[in-house]
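These notes concern the structure reproduced below.
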Amino acid sequence: MSSATSDRTTAATRVHAFTDDALADHDATAVAELIRRGEVSPAEAVDAAIARSEAVEAQLTALERTDFERARARARTADPAAADLAGVPTLFKDNVPVAGLPMTVGSRATPPQLPVRKNGKVVDQLLATGLVPIGTSRMPEFGWTPTTERADGTLTRNPWHTDFSAGGSSGGSAAYVAAGVVPIAHGNDGGGSIRIPAAACGLVGLKPTRGRLRIGESSAAMPVRIVSDGVLTRTVRDVATFYAAAEQVYRPRRLPPVGRVTSPPEKRLRVGLLLDSPVAPPTDAETRSATEDLARTLESLGHHVEPYDPPIPDSFREDFIDYWSFLAMTAADGGPLMFGKGFDKSALDPMTLGLAGQGRRRVWRAPLFLSRLRASGLVYDRQLRGLDLVLSPVLTRTTPRLGELDPNGAFEAAFQKVCDYAGFTPLHNATGAPAISLPTGRTSDGRPIGVMLSAARGADALLIQTALEVEQAVPFARIQD
């Protein structure tokens with residue numbers, strides 16, 4: 001049986017690597033259990049992932065750097081009894097420090113020839129869960145855009161339909177999980193960058209509460225820590241397995257524990273329904289329909305769903321855009337200090353240069369937008385008004401075709417498209433609140449639509465419990481079917 005399969009009914013536009021090997025169609029939890037029972041070895045699981053990568057990489061362009069030989073070496077010495085996810089193959093996104101590999105953050109401006117000397121804190125935490133990385137995944141430059149496309153023409157394709165975006169900025173990780181290369185992969189989310197590719201690629205993507213995992217080095221240096229690390233998976237139980245394993249390595253004292261989530265919530269919940277973003281254009285018809293369908297499912301499960309109009313300040317969109325621009329300005333102007341003397345500012349993408357220019361023009365507003373964004377978490381919790389969860393779309397529209405969010409376009413028009421598309425996700429980055437994308441919807445031509453549940457800060461376990469209940473009621477579509 002071939003290890004790469006294209007769906008003939010869609011003119012070879014659907015690509016996946018599922019086959020009858022050590023990984024089969026198992027999720028990460030199942031692979032780990034097979035390894036613990038001795039039915040599959042870590043080496044067999046890693047070799048299967050490498051073979052799958054080699055089968056589909058030319059079609060998806062999702063891998064930034066290979067780390068195959070070191071992955072094989074780690075697999076040979078993996079102790080199945082030492083960690084919950086021992087021997088399970090994975091990827092790291094190309095914006096966390098992985099010792100021995102370059103970290104380019106998706107940019108031609110960074111010096112790729114310099115390997116990182118020391119793992120980042122979150123890398124060490126994920127490695128301690130037993131995961132074995134086979135490489136690093138592609139992302140757009142510095143993660144500014146919700147699509148993994150670069151100005152040099154490099155782009156990552158969506159396995160469900162290769163004419164469409166895989167989302168961003170964790171697009172490479174999402175493409176490989178959706179295509180079956182690995183069952184779980186690292187991502188991080190500074191404006192939707194886990195949830196957006198999860199929605200595009202039919203995956204489960206939790207942006208956890210700020211501080212749930214160890215704070216990464218770059219995020220720790222930010223004046224507002226909008227970035228949270230996490231994972232992309234095909235099943236909710238893999239999210240539960242991962243956070244239980246990660247918590248054994250590091251548990252934040254200021255947050256309630258997630259624990260080992262295995263069942264739906266016992267109580268029935270009060271859920272607010274938000275169909276249109278208060279800071280973006282109205283939601284398109286297919287996305288709205290998918291969100292309303294999940295609302296009906298929740299009601300059929302006994303939850304109370306009611307309309308929700310969040311009192312988000314008129315200033316929020318402008319404040320978040322100004323902070324976005326401020327970060328781009330910092331990266332562009334401070335590149336040699338941040339990334340080394342080989343940093344080449346002239347090689348930056350038009351999106352970075354446009355954002356950085358906008359940041360310089362508006363840096364005078366920094367005291368105002370930084371203070372308001374820092375205070376947004378407390379404001380957010382009050383705005384929930386007794387709701388347990390909020391149900392909304394992940395995005396204002398279905399996944400765009402490649403090129404629609406092209407970073408080579410005129411900056412003002414290109415950036416407007418980005419902001420109008422990602423109209424729901426940034427709120428949780430500013431506030432630090434958790435939110436999860438679930439692949440419960442489908443377009444008329446069969447592509448995934450993600451729908452989002454969010455909660456108060458610290459309520460990650462409640463989100464996972466509810467997601468388990470949703471998955472049982474509405475089984476997620478599988479690309480191999």
Side-chain angles (χ1 to χ4, degrees), residues 1-5 15-57 60 62-93 98 100-101 123-137 159 172-187 201 203-204 231-246 248-249 478-480:
M1 182 182 295
S2 170
S3 60
T5 303
V15 175
H16 70 76
F18 288 100
T19 189
D20 187 17
D21 58 13
L23 295 177
D25 61 358
H26 302 306
D27 65 0
T29 305
V31 173
E33 180 60 27
L34 289 170
I35 289 172
R36 272 193 298 274
R37 296 202 303 256
E39 296 178 30
V40 169
S41 71
E44 289 172 325
V46 166
D47 280 342
I50 291 170
R52 290 181 178 204
S53 171
E54 291 172 338
V56 300
E57 172 60 17
L60 299 179
L63 195 64
E64 185 67 36
R65 291 282 188 281
T66 63
D67 202 10
F68 294 167
E69 291 313 307
R70 192 160 56 160
R72 289 184 168 115
R74 282 178 167 142
R76 286 194 295 270
T77 60
D79 179 1
D84 285 0
L85 290 166
V88 177
T90 192
L91 291 172
F92 282 114
K93 187 176 174 181
V98 180
L101 293 181
V123 170
D124 276 338
Q125 185 175 5
L126 267 66
L127 290 174
T129 69
L131 292 169
V132 178
I134 65 167
T136 56
S137 61
S173 288
Y176 260 27
V177 175
V181 177
V182 293
I184 186 171
H186 165 259
C201 293
L203 303 176
V204 181
V231 292
L232 293 120
T233 68
R234 294 191 296 269
T235 65
V236 177
R237 76 168 181 168
D238 273 1
V239 175
T241 297
F242 170 77
Y243 281 95
Q248 293 176 38
V249 180
R478 306 193 318 164
I479 195 170
Q480 65 270 37

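These numbers come from the heavy atoms of this one structure, side chains and all, not from hydrogens, waters or symmetry mates. From a predicted model like this one, the values you see are computed outputs, not experimental measurements.
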Compare every heavy atom of Ile479 with every heavy atom of Phe18, then report the nearest pair and how far apart it is.
-> CE1-CG2, 3.7 Å
Within a strict 4.5 Å, meaning less than it, do heavy atoms of the Val40 and His26 side chains meet?
-> no
Closest heavy-atom pair, Thr19 versus Arg52, reported as atoms and distance to 0.1 Å, is O-NH2, 3.3 Å
Note: Leu127 and Pro133 closest approach over all heavy atoms is CD2-CD, 3.6 Å
To the nearest 0.5 angstrom, please state how far the OG1 atom of Thr241 sits from the CG atom of Asp27.
-> 7.5 Å
Quick one: does Cys201's side chain get under 4.5 Å of Leu232's, heavy atoms only?
-> no
Between Thr233 and Asp238, does any side-chain donor sit less than 3.5 Å from a side-chain acceptor?
-> no
Distance-only criterion, 3.5 Å: show the donor-acceptor pairs between side-chain atoms of residues 172-185 and protein atoms not counting sequence neighbours.
from	atom 1	to	atom 2	distance (Å)
Ser173	OG	Ser137	OG	2.7
Ser173	OG	His186	O	2.7
Tyr176	OH	Ser53	OG	2.7
Tyr176	OH	Glu57	OE1	2.7

With side chains defined as the heavy atoms from C-beta onward, is the minimum distance between Leu23 and Val31 less than 4.5 Å?
-> yes
To the nearest 0.5 Å, atom CZ of Arg478 lies from atom CZ of Arg234 at 9.0 Å
If you round to the nearest 0.5 Å, how far is CZ of Arg74 from CD1 of Ile134?
-> 12.5 Å
Distance-minimising heavy-atom pair for His16 and Gln480 = NE2-CA, 3.7 Å
Any donor-acceptor N/O pair, Glu64 side chain to Lys93 backbone, under 3.5 Å | no
Output the distance between atom CG (Leu91) and atom CG (Leu126), rounded to the nearest 0.5 Å.
-> 11.5 Å
Student check: side-chain heavy atoms of Phe242 and Val88 closer than 4.5 Å | no
In Å, rounded to the nearest 0.5 Å, how long is the span from CG of Leu63 to CZ of Phe68?
-> 5.5 Å
Check: Arg70 and Leu101 side chains under 4.5 Å, non-hydrogen atoms | yes
Taking atom CZ of Arg36 and atom CG of Leu85, what is their separation to the nearest 0.5 Å?
-> 8.0 Å
Heavy atoms only: give me the nearest Pro80-Ala86 pair and the separation to one decimal.
-> CA-CB, 3.8 Å
Of all heavy-atom pairs between Val56 and Ala17, which one has the smallest distance, and what is that distance?
-> CG1-CB, 3.8 Å
Could you go through the side chain to side chain contact (heavy atoms under 4.5 Å, CB included) check for Ile50 and Arg72 one step at a time?
-> CA-CA 9 Å; Ile50 291 170; Arg72 289 184 168 115; 3.7 Å; yes
